[in-house]
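Encoded as structure tokens, the structure appears first; notes follow it.
Lettering follows sequence order; numbering is per chain, from 1.
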Amino acid sequence: MAKGVKIALAGEGGQGVQSVAMILTEAAYAMGKEALYIPNFGVEQRGGVSVAFVQIDDEKIGSPKFKTADIVVALSDRAVRRTTMYCDQETLFFYDDNIEDVEEDLPKNSKKVVALPAIKVAKEELHPRVFNVVVMGAVIGATGVVTEEKAKEALESKLGYKFEQNPELREMNFKALQRGMEIVKEVM
Amino acid sequence: MAKGVKIALAGEGGQGVQSVAMILTEAAYAMGKEALYIPNFGVEQRGGVSVAFVQIDDEKIGSPKFKTADIVVALSDRAVRRTTMYCDQETLFFYDDNIEDVEEDLPKNSKKVVALPAIKVAKEELHPRVFNVVVMGAVIGATGVVTEEKAKEALESKLGYKFEQNPELREMNFKALQRGMEIVKEVM
Amino acid sequence: MSVQPQMPKSWRSETKPHKFCPGCGHPLILKALGEVIDELNIADRTVFGCDIGCSLLAWDFFNVDTIQTHHGRTTPVIVGLRRANENVIGIAYMGDGGGYAIGSQHLVNSAARDEKVFVLLANNTQYGMTGGQMAPTTLPGQKTETSPYGRDTELTGPPVQGPEMVAAISGENAYVARGTVGNVRQLKKFIKKAIQNVMEGRGFAFVEALSLCPTNWRTNAEDTWKFVEKDMATYFKVGEIKVPGEKKEG
Amino acid sequence: MSVQPQMPKSWRSETKPHKFCPGCGHPLILKALGEVIDELNIADRTVFGCDIGCSLLAWDFFNVDTIQTHHGRTTPVIVGLRRANENVIGIAYMGDGGGYAIGSQHLVNSAARDEKVFVLLANNTQYGMTGGQMAPTTLPGQKTETSPYGRDTELTGPPVQGPEMVAAISGENAYVARGTVGNVRQLKKFIKKAIQNVMEGRGFAFVEALSLCPTNWRTNAEDTWKFVEKDMATYFKVGEIKVPGEKKEG
Amino acid sequence: MGVEFKAVTYQDGKGIFHLFPGLCKGCGLCIEKCPVDTIGWSDKLGVFGTPTVEPGHGKPCIACKMCQLVCPDCAIYIEKVNKEKAQ
Amino acid sequence: MGVEFKAVTYQDGKGIFHLFPGLCKGCGLCIEKCPVDTIGWSDKLGVFGTPTVEPGHGKPCIACKMCQLVCPDCAIYIEKVNKEKAQ
Amino acid sequence: MTKPIEGEKKVFMTGNEVVAWAALAAGAEIMYGYPITPQNEIMHYWTRMAPKYGRKFLQTEDEISAGFTCTGGVLAGKRAFTATAGPGNTLMQEPMSMAEMMRIPTVLIVCQRGGPSTATVIYSQQETTMTCYGGNGEGFRIVYSTATHQELFDYTIKAFNTAWKYRFPTFVLGDGYQSKMRESLSIYDPEARNIEMVRAEPYVVKGGVPGENRDPAHLRNTYNMEEELYEVIMDHAREYEKIAPEIIEYEEYECDDADVLLVAHGVVSRAAKGAVKELRQDGKKVGHFKPVTLRPFPEKELLERAKAAKQVIVIESAYGQLDKLVKSHLYGCSTPIAQYFRPGEGITIEEVVQETKKYL
Amino acid sequence: MTKPIEGEKKVFMTGNEVVAWAALAAGAEIMYGYPITPQNEIMHYWTRMAPKYGRKFLQTEDEISAGFTCTGGVLAGKRAFTATAGPGNTLMQEPMSMAEMMRIPTVLIVCQRGGPSTATVIYSQQETTMTCYGGNGEGFRIVYSTATHQELFDYTIKAFNTAWKYRFPTFVLGDGYQSKMRESLSIYDPEARNIEMVRAEPYVVKGGVPGENRDPAHLRNTYNMEEELYEVIMDHAREYEKIAPEIIEYEEYECDDADVLLVAHGVVSRAAKGAVKELRQDGKKVGHFKPVTLRPFPEKELLERAKAAKQVIVIESAYGQLDKLVKSHLYGCSTPIAQYFRPGEGITIEEVVQETKKYL
Ligand SMILES: Cc1ncc(C[n+]2csc(CCOP(=O)(O)OP(=O)(O)O)c2C)c(N)n1
Ligand SMILES: Cc1ncc(C[n+]2csc(CCOP(=O)(O)OP(=O)(O)O)c2C)c(N)n1
Ligand code: SF4
Ligand code: SF4
Ligand code: SF4
Ligand code: SF4
Ligand code: SF4
Ligand code: SF4
Ligand SMILES: [Mg+2]
Ligand SMILES: [Mg+2]
């Protein structure tokens, strides 16, 4: 069996990790793969770190959560601290290079720890709002779980109503996706 | 072991069968015997047939209810119908001879079915109110489970406050007890 | 057929005499209710719900479909039924314990949601079925099995004003009144208006009826009437409290 | 020590920033409450109970003994505590769902029994913690997760008038008021009088505070204020409703 | 449909007083409410073996039907004498 | 006892405006309530990584303390200039 | 009015959405509910979709009321349902005990969360005992435990049919993971699959005038004498036991020659199945038995497998709730039973593999 | 203030009266309650007697409130208790699940009545499962099942001590027969028997100013992450299992050489004992095992007896509630277990004799 991919995405409430998880799994589903996505949630409506657990596979997926991920993406200092528990020596750990004072907290034993310039790229080249799409691009670039095309379709189906009103937005999102795929190649 | 006595008493709400059960068991307890008394009760506060299950023994008593009684006393037509279920071939069945239209419903297989003139005696010789004490006398007369003396003491302790106000009442109750013991001898 | 008792047609004679104690107020309320059901000719689409409390003794009382529910839960059962079938005239019948204590969240929220059901509550100032404990409606100083030295309002508050509370929480389409078995004709009028309020889909309806419980009050007939007409009347004001678009009678 | 935030002394700084959302009304109410606790100097004998609802996020909020209970059950826990120890100043803090829906029987019966406890209720017109469902207090036409097409008062009644209901059911020693986070100074005054009412053993105390929930209202700061000060104010009248032996402010 | 109850019928003043012993539980509520105090205890026993009631203990019945109204068991039926039919 | 929070201090009109970024969640409630509209968004980020606030965006502060009063997070402390002490 | 689902459709959605669609497809006419995480979105989807198909909704004041209003809806002859979790499920036991006594075919979707008490809003299998045997009764209930979104859909539809066919309160036992996760499944119009939809019938107001041309319905749950009650309960017991074989469902995975038998229900069975898959690749004789119905329990079927195995391991996100069920139903079997309990916590394939290896 | 009981006293009274006296003797300071048959007279006696000894009473609006006010009383550091039955016990599960989670030593007297639902007000053993395992929890509770008035008195006193010693909610499981019947027993001042009375302590308002000279008490039952909850529950589980051997109680009657072992609890064990007595007179090797604690269950002790026997018979006034307990705890034993179930009905010596003879 082709071993599936397990991804844990974590960030602050507004950083859009749940949207990334959703679009990724929608894209995988559209490709005929099996996908399972479960958000973490607690009693607070806002304030906690938001984590998304994503699995994509060719076969039916087993338990919805997992002990350790193939890829962990952490987008804030708290997210870094929260997600090291999902790492082992097989894990690829991404975090944004904009996050300060987390050197101490980065996973010690994981396969690779990669600082992504996602915030920077989004801010400088595009718009801070599409930061999460850059991240998604990076994940896709690193894993190839979904094709760029299907990711675009999923973006379209999720944000299409916004794209209608503002076609520039479509451009910007697609660009963000591409740039994400590129930067991950650069830094790895 | 001396087999204990099982008694089921049944009547209409106002007929005082629970008082009889209480006084009987109090008397037995005072004599150092083991006694257990449990009333039946349902959802209605009034209206149902009132049944008292009494056991008196030299040893600790087992289950609080029993399938069949040694003595059943039924004081109304509904009580007769309700209590035949507690009879077997060992059962002595008492009912008041004043009850009409129950010939059909009397237990067929019990050891003996005895019509007691308790209502008549109470009405004609004493006062309708002490009807239940006549019945109690009859039970004592038939079984000897408690002595007349202890029964009187139990009556005293239960009704003493009334006897204080009206000493004639004491006389009447004691008389009723005696007459009960007598009539049971006469009819059996 | 020889001369027969003047029972409401909706009373089920096969189950009479009923299961209530001698002198109980419940059947007086149910007589008024039965007559209203007859007059409005709604036996075929009425569902009568009775609570646990002495009201349960009415589980086979009427020639009307009847659901005997749990203590305090008659209101939601009838509400659920009426929501599912709007043709039904749903009547939830209960005691003061069922309505104001254990079922009070259902009473106030059904009133607040303006459910189209009629809640009829017999106030006998205590818990009849369980043998006479204190209820929210117990009068100051009244002795019950759980206020053996008399209700102390310092410790347990004053008697609950149920219809007044329902009036405060319900919308303007609700009908709210307090009647008494001491005035059965008036009580019947209130019940009729209440049922009409739900029949016409106008809004929630609530009638509290001051009732009798000689068994637990340990009263003779004279004192029974006295208790409801004097003692209870001091604390519970009889009359209409809320009448959609109409002047109240009080 | 450098300049520090002006938190009430009874706030526990170790647990700040607190767990409420940005712009939430709960902490505004708790600021008023904290200042009153400071002013009355009662932190040592106050027990703060918080419900399930966003109020639970205050379980470690104060330097005051705190019990986080079940949804709707804070009132009975605090009542039970106060009955067992009359020296305690018991505060039951909850949302509109906890107080008017699932816990309404406790609220009305505690009020009716004149329990010497203070119930403080944050009305944010919906169920905040569970993500914004309809509550008894939801405004007509307001969209929530379970009234996605706007609350239809025909189907679900008008918004519940909680303090008015409590006033109707409570005795004359109860203190009842409605404040708003739009007027924190007044709210604080109401809270103080409420606590004094129970401190002095006079009677029950209830304050509803109109609150903010930008997260579920999906409002920006401007609309948040507008919703509480315009929309909510239309249905919920701010002021004192019952003041033992005193003129009300309203 | 339904069951039949046997009545004991009394005439008193303007009223024909039908009492159904199979229904009367002897609560006495009617006695207290009769404006002319004509109702009193009877020797006849009711359904619970307790005394039933009868008219004729006070001033003549005025057929006001108050007793019928307040009887929780529908054990009384009052007919007005002038409306009387042969039974 | 307790923890310490770092303030960013601004002076504007009659007010010394202490803002605690470790407490400010960027809700904006204070902005709306300032009678002179002096409060606006700052570049400095708060505890949730969202912008905090600062004075100086409108008419000068009148030290009415409204912003302090309505801040759900006690993230603002206003001192009056004339009461100012050296810190 | 068009059908909510025409034919068959592949979708990717959350479990709560699945339940709402299934209830619509099953012809549920009214939902009663009170918010609680992780059940909320069932109501959210229902309130959005139901009006389009003439279905109704009532949000009640608490779960007690949600349960009792639901019995009212059923008594009116409607396919009525409710959904809850955790402390809400605890409260729901009062109305469900009435439904059990009066044979009212309510349908209740349980989305288990952590326990006891408020605990967490997330996930657990700690409502197993309560859902099967809660209240002051004997557990004459039907409980389907689901593991996948497909099962959630299938058994939610089935629950309505089972309930109305046998007239015992029927439960779909899910959990917070299933509620909140997204995965793919096929949703369908049951008719398109020739599923027989059992007719709902009113218990009251059935036409005609009571006392004139029909007897009134006099429904009760209270009896005066213990003998009466005994007869009622024994009637229910006999009927329950009679129909149990028709209702029982279970799933076996690689059980045929299994030396180690993993028993798990609900979402945990996915981890068990995954572990078996993995261990079988290593040539280990491991199998998985999943009871789908926890009430009635597939006793005979499990017994056969357990007897043939050398070791049984009960795996659950609770502290022995399934374990008690298994042990009491397997009494007499001598195969040792080991336990892997993670109360309130998810269980992964990795853990199960690791745990199972201890017995290989 | 004088003591409610000086020294020791022989009395003849109802079980409800026994409980009220026992609570007084145990130093219970406050009772919270809501009326329900057959429990009422506990409150009636308590309200009459309590004021004489400075004890308090609160009648609440329902059992949910009785349970939660009771937790409040306990948190105030008082020996507080409540009593209920049937549907009231069902409702009580919500507060008891909180007590379980927060380790609040409430004492609850259960006077079992018929079930499910309202059923009867009389008697049954149908609240066994619920009292042991009710609510959305794991049953970390202590349950004493009593058979005689003497036990009712002894274990009501003990319940307060066990509760406060171990801080798990503690239950005395009686029934309507015990509530309403009169028999003789000795009541006593526990001190006169040198029974150690475990001190109650406040959880809140313990003196001092929180935040100044002590930490505030921050008591909660809600957790944000499943890992946190798991740890809390496992802590409780470990502690519960550690103390279980100290708590377990049972009674054996003629078990030594018994071929047929009658297992019964509560009042039914009297019939079992009576039957053994009778059958032993006929020379039959019959014995009776009575678990006094149903939670924790005397598993090892029963297992030993059951293994030695040729036949076990579980006898109960319920439809398999004790049976499930027995079977799950005896798993692995191969002695056949037969059942005699009389849900909601009393069981007499005669019946047990007759039933037992089938296996002799
Ligand atoms: C949940 C529950 N709690 C308690 C009871 C016991 N109970 C039965 S009737 C009743 C009181 C009834 O009083 P009320 O509602 O005033 O009716 P009444 O009998 O006075 O007419 C109680 C407490 C019950 N059946 N169920
Ligand atoms: C018995 C029970 N039912 C439902 C819930 C789920 N629940 C948690 S918080 C909440 C609503 C809270 O709303 P409200 O009381 O208004 O407080 P808010 O969050 O709006 O401040 C609900 C329904 C629960 N925890 N327990
Ligand atoms: S106990 Fe009271 S309320 Fe109940 S039936 Fe008897 S008189 Fe009526
Ligand atoms: S959801 Fe609403 S009420 Fe709850 S913390 Fe957030 S803003 Fe406040
Ligand atoms: S009809 Fe009137 S006057 Fe005649 S007996 Fe009845 S109450 Fe008395
Ligand atoms: S009121 Fe009715 S039941 Fe009572 S005594 Fe009079 S006739 Fe008989
Ligand atoms: S009100 Fe407070 S938290 Fe909100 S933006 Fe202003 S300073 Fe920040
Ligand atoms: S003190 Fe007043 S004027 Fe100054 S910034 Fe704050 S709100 Fe504005
Ligand atoms: Mg009452
Ligand atoms: Mg709210």
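Heavy atoms of other residues, nucleotides or ligands lying less than 6.0 angstrom from NZ of A:Lys67 number more than 12. In this structure, A:Lys175 places its NZ atom where only 12 or fewer heavy-atom neighbours from other residues, nucleotides or ligands lie under 6.0 Å away. Atom NZ of A:Lys120 sits in a sparse spot, with 12 or fewer heavy atoms from other residues, nucleotides or ligands closer than 6.0 Å. When the shell of 6.0 Å around CD of A:Gln89 is examined, it contains more than 12 heavy atoms from other residues, nucleotides or ligands. More than 12 heavy atoms of other residues, nucleotides or ligands sit less than 6.0 Å from atom CD of A:Glu103.
Looking at D:Ile52, there are no atoms closer than 4.5 Å to chain A (heavy atoms on both sides), in backbone or side chain. D:Pro17 does not touch chain A: none of its heavy atoms, backbone or side chain, sits under 4.5 Å away.
Counting heavy-atom pairs closer than 4.5 Å to chain A, the top-ranked of the candidates D:Cys24, D:Cys54, D:Pro22 is D:Pro22.
Of all heavy-atom pairs between A:Val43 and D:Met129, the closest is O-CE, 3.1 Å.
To the nearest 0.5 Å, atoms CZ (A:Arg46) and CG (D:Asn216) are separated by 10.5 Å.
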